[in-house]
S.K.: 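First, the structure itself, so that you have it in front of you.
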Amino acid sequence: MNSFSIYTPTRIFFGTDQLAPFAASVARLGRHALVVVGGGSVERLGYLDEVSGALARAGLRVTVFRGIEPNPESATINRAVAVLRDSGADVVVPLGGGSVMDAAKAVAALGALPGENDIWPFVLGQPRAFQLAAALPLAAVPTTAATASEVTPYAVISNRAVRGKSVLAHESFKPAAALLNPAFTAKVPAVTTQDGAADILSHVLENYLLGGDESALADHHAEGVMAAVLESLPRVLANPGDLAHRGRLLWASTLALNEYPNAGRRPSQFVLHSMEHALSGWYPDLAHGRGLATLYPAYFRWLLARGRAQSRFARLGERLFGLAGADAADRFVERFEAWLGANGLLQALGDLGIAEADYAAVADYAVKTYGDGRQLDALGALPAAEIVAIFKATARQARVPQG
Ligand code: NZQ
Ligand code: ZN
């Protein structure tokens, strides 16, 4: 196993009865909470009242910022920073999906830098990248099982004016506390539940396939997360109120990107994420997980056709589907694609309204923002022209009618 250093400072409260202790821990971080929410779901479902009430009972003042959109927009984040400063809030509490959590991190970071009012120049690929190195304390309440933003140092934000989507990252963005209440995910629509499951899988798959094989424990961790998702997604689609399987998805999402699954093996680029972030930057109506799911089969086949990650695919075939023999790698891709189809996650980019005429520009954005300017690194070069080929190859993925 390789040497590593990881830092996981988040106190996690998991369960349907952990709101009061969570609120008490927020009260140790500050006196006035800016609660950040999205487009209305968590308010309509009563979670905002529940969380705000618990924070108030723990002695906090509460100010609410509403209106973070999926693929959070930098201009909205800038408006939230102004509200943060006017209110005097000293701790930021996102209540929502990855978009809300990421926006809140950006608000906590920009809000800690006096005189700065625009977040976009600080993202990867822009002039002031990595200059945000401190943030107000954060305590996160995820309401989707997807991104693990409640434990990660990342915030992914969009800028519709330039069709861009990029990343902020600093250890100070890791929330000090997180409340994982499976009941807060029970009403997530089927499509968003599917998107989230695809995202969880990618967070362990990326490094499993392209990283080293030095850590058997990292492999087992990743395989366990994937097995849980393969089993639990169909259960919650069939029975959305199944809190046991909702809880497994929620915990799997945290475990997938909390730094443990990839510890001890050679790191790799997050290639699928680089391609997908470019796509959902260009098309902000595209959900991140949906974009990833759409790229999986075409990307996997592209790797296998070049003899890349062969043994890792074969191992996944054995561990997840009990496959053996010389064609286990190919059969893994077939089985995985069938699972996507059976769970509403198989489609072509064209089905999502993404125009072939844009493929080259999107690929160019991906290699410029996330690669070396010409290519990504997928156990060897993945140049912009090959990204276009992967996008085109999704056309053979037939959407499976559901229901
Ligand atoms: O806006 P509202 O009304 O809140 O509705 C949201 C939104 O429409 C809805 N929703 C959330 N919780 C719900 C709910 N509806 C009913 N019940 C609930 N409990 O779901 C929709 C999608 O929300 P969003 O936050 O966009 O989804 P997700 O959690 O998948 O987050 C995606 C974002 O996170 C980024 C993605 O790129 C994307 O921008 N990521 C963040 C990462 C990180 N910070 O570490 C890593 C990931 O790889 C990812 O890139
Ligand atoms: Zn992701």
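In each ligand, atom 1 is the first atom listed, and ligand 1 is the first ligand listed. Everything numeric here is computed off the predicted structure, so don't read it as measured data.
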S.K.: Is R61 atom CZ crowded by more than 12 heavy atoms from other residues, nucleotides or ligands, each under 6.0 Å away?
M.R.: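 12 or below, so no.
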
S.K.: When only distance counts, is A146 in polar contact with ligand 1, meaning an N/O pair under 3.5 Å?
M.R.: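 Such a contact does not occur with ligand 1.
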
S.K.: Answer with yes or no whether P72 contacts ligand 1, where contact means a heavy atom under 4.0 Å from a ligand atom.
M.R.: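 Heavy atoms of P72 do come under 4.0 Å of ligand 1.
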
S.K.: If we only consider heavy atoms of Y47, is any one of them less than 4.0 Å away from an atom in ligand 1?
M.R.: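 In this structure, Y47 qualifies as a contact of ligand 1 - some heavy atom is under 4.0 Å.
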
S.K.: Atoms of ligand 1 less than 4.0 Å from L45 heavy atoms?
M.R.: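 The list of qualifying atoms is 16 (C), 17 (N).
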
S.K.: Which residue in the set E259, K105, K174 passes side-chain hydrogen bond (donor to acceptor under 3.5 Å, both in side chains) when paired with T152?
M.R.: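 Filter result, single survivor: K105.
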
S.K.: Please state whether the rings of Y370 and H277 are parallel, tilted or perpendicular, taking 30° and 60° as the class boundaries.
M.R.: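 It falls in the tilted class, 30° to 60°.
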
S.K.: Give the numbers and elements of all ligand 1 atoms closer than 4.0 Å to a heavy atom of T152.
M.R.: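 Heavy-atom distances to T152 below 4.0 Å select 43 (C), 44 (N), 45 (O).
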
S.K.: Classify the ring geometry between Y296 and F336 as parallel (under 30°), tilted (30 to 60°) or perpendicular (over 60°).
M.R.: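 Rings of Y296 and F336: perpendicular, over 60°.
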
S.K.: Going by distance alone, is a donor N or O of one side chain under 3.5 Å from an acceptor N or O of the other, for T8 and N258?
M.R.: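 Side chains of T8 and N258: no pair found under 3.5 Å.
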
S.K.: Between V37 and ligand 1, which residue portion shows a heavy-atom distance shorter than 4.0 Å: side chain, backbone, both, or neither?
M.R.: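 No part of V37 is near ligand 1 at this cut-off.
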
S.K.: Quick check: does any side chain N or O of D242 sit under 3.5 Å from a backbone N or O of V236, one acting as donor and the other as acceptor?
M.R.: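 No; judged by distance alone, with no hydrogens or angles, the pair does not exist.
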
S.K.: Just by modelled atom types, is the L210 backbone N or O under 3.5 Å from a matching donor or acceptor in the R312 side chain?
M.R.: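 The answer is no, because no donor-acceptor pair under 3.5 Å joins these two groups.
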
S.K.: Between T394 and L349, is there a donor-acceptor pair closer than 3.5 Å when you use the side chain of the first and the backbone of the second?
M.R.: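 A pair under 3.5 Å: yes.
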
S.K.: I need the contact type for D195 against ligand 1. Using non-hydrogen atoms and a strict under-4.0 Å cut-off, is it side chain, backbone, both or neither?
M.R.: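 Contact part for D195 vs ligand 1: neither.
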
S.K.: Pull out every atom of ligand 1 sitting under 4.0 Å from any heavy atom of G38, numbered as shown with elements.
M.R.: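 Selected atoms, number and element: 1 (O), 4 (O).
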
S.K.: Answer yes or no for G40: is there a heavy-atom contact with ligand 1 below 4.0 Å?
M.R.: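 It does, in that a heavy atom of G40 comes within the 4.0 Å cut-off of ligand 1.
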
S.K.: Nearest protein heavy-atom contact for atom 27 (O) of ligand 1: which residue, which atom, what distance?
M.R.: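 Sorting protein heavy atoms by distance from atom 27 (O) of ligand 1 puts G98 N, 4.2 Å first.
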
S.K.: Between the side chains of E69 and T76, does any donor sit under 3.5 Å from an acceptor?
M.R.: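 Yes, a side-chain donor-acceptor pair sits under 3.5 Å.
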
S.K.: Hey, does V42 come in under 3.5 Å of ligand 1, counting only N/O atoms on both sides?
M.R.: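 Min N/O separation from ligand 1 is not below 3.5 Å for V42.
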
S.K.: Quick one: nearest non-hydrogen protein atom to atom 34 (O) of ligand 1, plus distance?
M.R.: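 Of every protein heavy atom, T147 CG2, 3.3 Å lies nearest to atom 34 (O) of ligand 1.
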
S.K.: Please check if the side chain of S87 supplies one atom and the backbone of L84 the other of a donor-acceptor pair under 3.5 Å.
M.R.: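 Yes: the side chain of S87 pairs with the backbone of L84.
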
S.K.: Judged by atom type as modelled, is there a donor-acceptor pair below 3.5 Å linking the side chain of N71 to the main-chain atoms of S158?
M.R.: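 The answer is no, because no donor-acceptor pair under 3.5 Å joins these two groups.
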
S.K.: Of all the heavy atoms in P189, does at least one lie under 4.0 Å from an atom in ligand 1?
M.R.: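 P189 counts as a contact of ligand 1 under the 4.0 Å cut-off.
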
S.K.: Could you go through the side-chain contact (heavy atoms from CB on, under 4.5 Å) check for D351 and R290 one step at a time?
M.R.: CA-CA 11 Å; D351 295 327; R290 185 67 42 176; over 6 Å; no

S.K.: Less than 3.5 Å between some nitrogen or oxygen of T185 and one of ligand 1, yes or no?
M.R.: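 There is no such contact.
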
S.K.: List the steps and the verdict of side-chain contact (heavy atoms from CB on, under 4.5 Å) for D377 and Q269.
M.R.: CA-CA 6 Å; D377 178 4; Q269 266 187 11; 3.9 Å; yes

S.K.: Could you tell me if any non-hydrogen atom of H277 lies under 4.0 Å from any atom of ligand 1?
M.R.: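 Under 4.0 Å: yes for H277.
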
S.K.: With rounding to the nearest 0.5 Å, note down the distance linking CZ in F321 to CZ in R331.
M.R.: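 One finds 11.5 Å between CZ of F321 and CZ of R331.
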
S.K.: Might you confirm whether atom OH of Y283 has over 12 heavy atoms from other residues, nucleotides or ligands at distances under 6.0 Å?
M.R.: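 Result for OH/Y283: enclosed.
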
S.K.: May I ask whether N71 places a heavy atom under 4.0 Å from ligand 1?
M.R.: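 In this structure, N71 qualifies as a contact of ligand 1 - some heavy atom is under 4.0 Å.
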
S.K.: In the protein, which heavy atom is nearest to atom 25 (O) of ligand 1, and how far is it?
M.R.: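 Here the nearest protein heavy atom works out to S99 N, 2.9 Å.
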
S.K.: Pick, from L48, N181, V167, T143, the option with the minimum heavy-atom distance to atom 13 (C) of ligand 1.
M.R.: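 It is T143 whose heavy atom sits nearest to atom 13 (C) of ligand 1.
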
S.K.: Which ligand 1 atoms does D199 reach within 4.0 Å, using its non-hydrogen atoms?
M.R.: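 Checking each atom against D199, I get 47 (C), 48 (O).
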
S.K.: Is a side-chain N or O of Q347 found less than 3.5 angstrom from the main chain of L345, in a donor-acceptor match?
M.R.: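 Yes: the side chain of Q347 pairs with the backbone of L345.
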
S.K.: Just by modelled atom types, is the F122 backbone N or O under 3.5 Å from a matching donor or acceptor in the R128 side chain?
M.R.: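 Here the side-chain-to-backbone pair does not exist.
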
S.K.: Does a donor on one side chain sit under 3.5 Å from an acceptor on the other, for D118 and N78?
M.R.: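 Yes, because at least one side-chain N or O of D118 sits under 3.5 Å from a partner of the opposite role on N78.
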
S.K.: Is V188 near ligand 1, meaning one of its heavy atoms is under 4.0 Å from it?
M.R.: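 True for this residue.
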
S.K.: Ignoring hydrogens and geometry, is there a side-chain-to-backbone donor-acceptor pair from W282 to D358 under 3.5 Å?
M.R.: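 Here the side-chain-to-backbone pair does not exist.
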
S.K.: Decide whether the shortest distance between a heavy atom of H203 and an atom of ligand 1 is less than 4.0 Å.
M.R.: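 H203: in contact with ligand 1 (<4.0 Å).
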
S.K.: Show the atoms of ligand 1 that are less than 4.0 angstrom away from any heavy atom in H273.
M.R.: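 Matching atoms, with element in brackets: 48 (O).
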
S.K.: Less than 4.0 Å is my threshold; does some heavy atom of M101 fall inside it relative to ligand 1?
M.R.: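 The answer is no, since M101 has no heavy atom less than 4.0 Å from ligand 1.
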
S.K.: Starting from atom 37 (O) of ligand 1, what is the nearest protein heavy atom, named by residue and atom, and what distance separates them?
M.R.: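 For atom 37 (O) of ligand 1, the nearest protein heavy atom comes out as K165 NZ, 2.9 Å.
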
S.K.: When you measure from atom 1 (O) of ligand 1 to every protein heavy atom, which one gives the shortest distance, and what is it?
M.R.: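 Minimum-distance protein heavy atom for atom 1 (O) of ligand 1 reads G39 N, 2.8 Å.
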
S.K.: Could you pull out, from I157, I68, L292, T192, the option with a heavy atom nearest to atom 20 (O) of ligand 1?
M.R.: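 Result: the heavy atom closest to atom 20 (O) of ligand 1 is in T192.
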
S.K.: Tell me: protein heavy atom nearest atom 8 (O) of ligand 1, and distance?
M.R.: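 The closest one turns out to be P70 CG, 3.7 Å.
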
S.K.: Counting no waters, how many protein N/O/S atoms sit under 2.8 Å from the Zn ion (ligand 2)?
M.R.: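 Of the protein's nitrogen, oxygen and sulfur atoms, 4 lie under 2.8 Å from the Zn ion (ligand 2).
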
S.K.: Report, in ascending order of atom number, the atoms of ligand 1 lying under 4.0 Å from any heavy atom of K187.
M.R.: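 Those of ligand 1 that fall under 4.0 Å from K187 are 16 (C), 17 (N).
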
S.K.: May I ask you to identify the nearest protein heavy atom to atom 44 (N) of ligand 1, giving residue, atom name and distance to one decimal place in Å?
M.R.: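 Result: D102 OD1, 2.6 Å.
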
S.K.: Which of the atoms in ligand 1, numbered in the order shown and given with their element, are less than 4.0 Å from a heavy-atom of G97?
M.R.: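 Reading through ligand 1 atom by atom, the close ones are 25 (O), 29 (O).
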
S.K.: Give the residue and atom name of whichever protein heavy atom lies nearest to atom 3 (O) of ligand 1, and the separation in Å to one decimal.
M.R.: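 Ranking protein heavy atoms by distance from atom 3 (O) of ligand 1, first comes S41 OG, 2.7 Å.
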
S.K.: Regarding E150 and T10, is there a side-chain donor-to-acceptor distance under 3.5 Å anywhere?
M.R.: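 Looking only at side-chain atoms, T10 and E150 do not form any donor-acceptor pair under 3.5 Å.
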
S.K.: Return yes when at least one protein heavy atom is under 4.0 Å from atom 23 (O) of ligand 1, and no when none is.
M.R.: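 No; the ligand atom in question lacks any protein heavy-atom contact below 4.0 Å.
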
S.K.: Output, in order, the C-alpha distance, side-chain angles, deciding distance and verdict of side-chain contact (heavy atoms from CB on, under 4.5 Å) for L340 and Q397.
M.R.: CA-CA 10 Å; L340 292 173; Q397 295 160 202; over 6 Å; no

S.K.: Would you indicate whether Y260, at its atom OH, is surrounded by more than 12 heavy atoms from other residues, nucleotides or ligands within a distance under 6.0 Å?
M.R.: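 At most 12 heavy atoms, drawn from other residues, nucleotides or ligands, come within 6.0 Å of this atom.
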
